[in-house]
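Take a look at the structure set out below.
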Amino acid sequence: MNWTIKIILYVSYFVALYFSLFWFLVFIEKKDGKHKLPSMKTPPNVSIVIPAYNEEKRVIQTLKSALSLKYPSDKLEIFVVDDGSKDDTYALVEEFITKKRKFPVTLVRQKNGGKGAAMNKGNKFASGEFFVCLDADSYVTKNALFEMLPYFGDEKVAAVLPVLKVRNPKNLLEKLQSYEYLVNMFFKELMGKLDCVHVIPGPFSIYRRRSLLEVGGFDENRNLTEDLEMALRLQKKGYKIIQLPHTNVTTVAPSTLSALYRQRNRWFKGAVINSVKYREMLFNKKYGDFGFIQMPILMGGGVIAIILVISFLYYTFEPGLRYIYNLGFVNFDFWTFIKTLELNFYFLDLDYSTILVAVAMLAVSIFIFIKSHKFTREHEMRHGLMPVFVYMLGYFLLLGLIWVGVALDILLNRQHKW
Amino acid sequence: MKEISRRTYIIAGAITAVIFMLGVLLGLVVEGKRVAFVESQAKQQSLDFSSLQLQFEIVNELERENNCAALLATFNENVESLEKIRIRLESYEENAAINREEFLLLKREYLHAQLRYWLLAKKSKDLCGADVATVLYFFTNAEECPKCDGQAFVLTYLKKVFKERLLNFAFDNTLQNEPLLDMLKTTYNVTTFPSIVMNGKTFSGFTEKDVLEKEICGAYGEKPEECNGR
């Protein structure tokens, strides 16, 4: 193997292992932050905004979920912002409001301007002390506001995030994402210990409206990941973002590979573009751990993922593909090889250095997988053994391949299709 | 100003470095074991060769031609085993970090062994009337010879087809300063890679399976059934 490739590979293994061990250490070293949890004798005013674009299938259910929240109705206002939908979203919500006049729901319509613009539109009408974003494909538990709002006792806290889970995962892809979401929640909790949360997902994240207005609201410039951009802006301003281990919010996950690709392509691309936009935070002492661990991950994680996935695929499949290619020289007479097949393996043939690093990484991954489930109070085997096996050994490949697609899009300057 | 968890960064770096150093150390230990393994195999090969050579001498001296069948079977086994270790040795040498010189010396040793067996093959034809075809295969590294891998595959295939009636001897041109190799190359006018020498003819560049099959079949006095129609 060429030495340059060898060095690139070993540096990638080193960095990947370093990040895994870093978060492992954060888990065992850092104690949970003590958040001030004042009692809520007088519940504050809360504004919930549901941005909806072509969500006729789900928006009513989401609206019902928001209306089922246990919270004084005079302290709650709900805005559905129809972002210029081409389907019946507007008509359906209008009909729902007409039928149920007693609920505090307002329907707002705007020309299609993206999620950021829709949320800002809702924010203009909002009057609550706290602003909640609820994506139109997400569903919230009844006690969410009472469980989450006390964490704003610390004035530096600008956003509090619930545990995001996949709603009713049925097929394998949805089950794999359900694991991934839990692992992400666990990681975000660890990030929270270092004040490094880098994204405020759309499903029922609560903002202190004052902080939101102070940083200028959401990016309306068709930002691919306005939730990540907002987190970066709040971090830059020195605010805290808290990831809770409880309060479940469920969201619909893509059920097909193409839908997953489109979603992740947007997320990953958005992460790259926004981290480049805020590159002055990279290794900047002023931003603490966020600049030293989160920014490098945001900016370079994709590159490491691409190197690891390409090297894995190359070393796994190249010999087989070469074998098939060579079979062409002997008219694909596979039978002769089968007839004379013999095992020619000796234990010294294995690459033990790579195996050691791979085993260390796999051990950390298994540990994180188990802890993530404990953290979110889910059972590891709830979908059986097979999805766990596929997740542990194959899901990173899928994400890595999406990263390859993102890299190609960026290198070829392809415009993102919404 | 936000906090920086210096201690965690340092400890994570130290543990990662330790795991990597363990990996490197393990790699070096394994490499040392590989050298020792190939050396012991070389000794074994050398003994096997001496034994076989002596057996041929005895057959010659005592005119015990009825022992030829068993002798030829052993001869074939030894050549096959030699080839397997040679391939393994190549892979070990390619991945070697610090023992490259040792592996190169061992490669030379194996080259000598190949030549000895090649010469003995000639002797076996005279003494035992062995009806075998011999192929001398000259190759070099993949960067300089992208078609060598395919050519080796074809020869492996032919070995599986003709079994003990085909003897393949592979010579690696990356072995520098090996006069024996230069002598062979000059004798058979080998200037490009891959090259194959059979029945005194040199085939330069990639040689198709059908061409080689025809040539192999042409070398037999009594053609095996695999040669039907050729």
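Below, chain A is the first sequence line, B the second, and so on; all start at residue 1. These figures come from a predicted structure and were not determined experimentally.
Atom OG1 of A:Thr336 is separated from atom CD of B:Glu226 by 9.0 Å, given to the nearest 0.5 angstrom. Distance check, rounded to the nearest 0.5 Å: CG of A:Leu21 to OG1 of B:Thr8 gives 12.0 Å. Here A:Leu348 contributes atom CG and B:Glu31 contributes atom CD; the two are 11.0 Å apart, rounded to the nearest 0.5 Å. The line from CD of B:Glu3 to CZ of A:Phe290 is 16.0 Å long, rounded to the nearest 0.5 Å. In this structure, B:Ile19 CD1 and A:Leu356 CG are separated by 7.0 Å, a value rounded to the nearest 0.5 Å. Between atom OH of residue A:Tyr18 and atom OH of residue B:Tyr9 there is a gap of 7.0 Å, rounded to the nearest 0.5 Å.
The minimum heavy-atom distance between B:Ala12 and A:Phe22, with the atom names listed, is CB-CA, 3.8 Å. Nearest heavy atoms, A:Ser353 versus B:Gly23: OG-O, 2.8 Å.
Of the two parts of A:Tyr323, the backbone and the side chain both hold a non-hydrogen atom closer than 4.5 Å to a non-hydrogen atom of chain B. In this structure, chain B has heavy atoms under 4.5 Å from both the backbone and the side chain of A:Tyr13. In this structure, the portions of B:Ser5 lying under 4.5 Å from any heavy atom of chain A include both its backbone and its side chain. At a 4.5 Å heavy-atom cutoff, the contact between A:Tyr287 and chain B is made by backbone atoms alone. Within the 4.5 angstrom heavy-atom criterion, only side-chain atoms of A:Asn331, from C-beta onward, approach chain B. Residue A:Leu194 touches chain B through its side chain alone, counting heavy-atom pairs closer than 4.5 Å. Heavy atoms of B:Leu22 lying under 4.5 Å from chain A belong to its backbone as well as its side chain. Heavy atoms closer than 4.5 Å to chain B are found in both the backbone and the side chain of A:Ile293. With a 4.5 Å cut-off on non-hydrogen atoms, A:Lys339 does not touch chain B at all. For B:Arg88, the part sitting under 4.5 Å from any heavy atom of chain A is the side chain, from C-beta outward, and nothing else.
Looking only at atom types and distance, the side chain of A:Asn326 has a donor-acceptor partner in the side chain of B:Asp149 under 3.5 Å away.
Put simply, the side chain of A:Leu25 reaches to within 4.5 Å of the side chain of B:Ile15, judged on heavy atoms. At a threshold of 4.5 Å between non-hydrogen side-chain atoms, the residues A:Leu17 and B:Phe20 count as touching. Counting heavy atoms from C-beta outward, B:Ile11 and A:Glu29 have side chains that approach closer than 4.5 Å.
Contact count versus chain B (heavy atoms, under 4.5 Å) is highest, among A:Tyr352, A:Phe347, A:Phe24, for A:Tyr352.
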Margin query: Apply side-chain hydrogen bond (donor to acceptor under 3.5 Å, both in side chains) to residues A:Asp349 and B:Tyr92 and explain how you reach the verdict.
Written below: CA-CA 8 Å; A:Asp349 295 347; B:Tyr92 290 173; 2.5 Å; yes

- Query: Should A:Tyr346 and B:Phe37 be marked as a ring pair (Phe, Tyr, Trp, His ring centres under 6.0 Å) after you check the CA-CA gap, both sets of side-chain angles, and the distance that decides it?
  - Reply: CA-CA 10 Å; A:Tyr346 189 58; B:Phe37 167 71; 4.2 Å; yes

*Determine, stepwise, if the pair B:Phe153 / A:Phe329 fulfils ring pair (Phe, Tyr, Trp, His ring centres under 6.0 Å).*
CA-CA 8 Å; B:Phe153 191 87; A:Phe329 294 128; 7.7 Å; no

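In A:Lys286, the NZ atom is not crowded: 12 or fewer heavy atoms of neighbouring residues, nucleotides or ligands sit closer than 6.0 Å. Atom NZ of A:Lys240 has 12 or fewer neighbouring heavy atoms from other residues, nucleotides or ligands inside a 6.0 Å radius. Shown here is B:Glu222, whose CD atom has no more than 12 heavy atoms of other residues, nucleotides or ligands within 6.0 Å. Heavy-atom neighbours of B:Lys185 NZ from other residues, nucleotides or ligands within 6.0 Å: above the threshold of 12. Within 6.0 Å of CD in B:Glu80 there are more than 12 heavy atoms belonging to other residues, nucleotides or ligands. Surrounding NZ of B:Lys33 are at most 12 heavy atoms belonging to other residues, nucleotides or ligands under 6.0 Å away.
Relative ring orientation between A:Phe337 and B:Tyr157 is described as tilted, the plane-to-plane angle lying within the 30° to 60° band.
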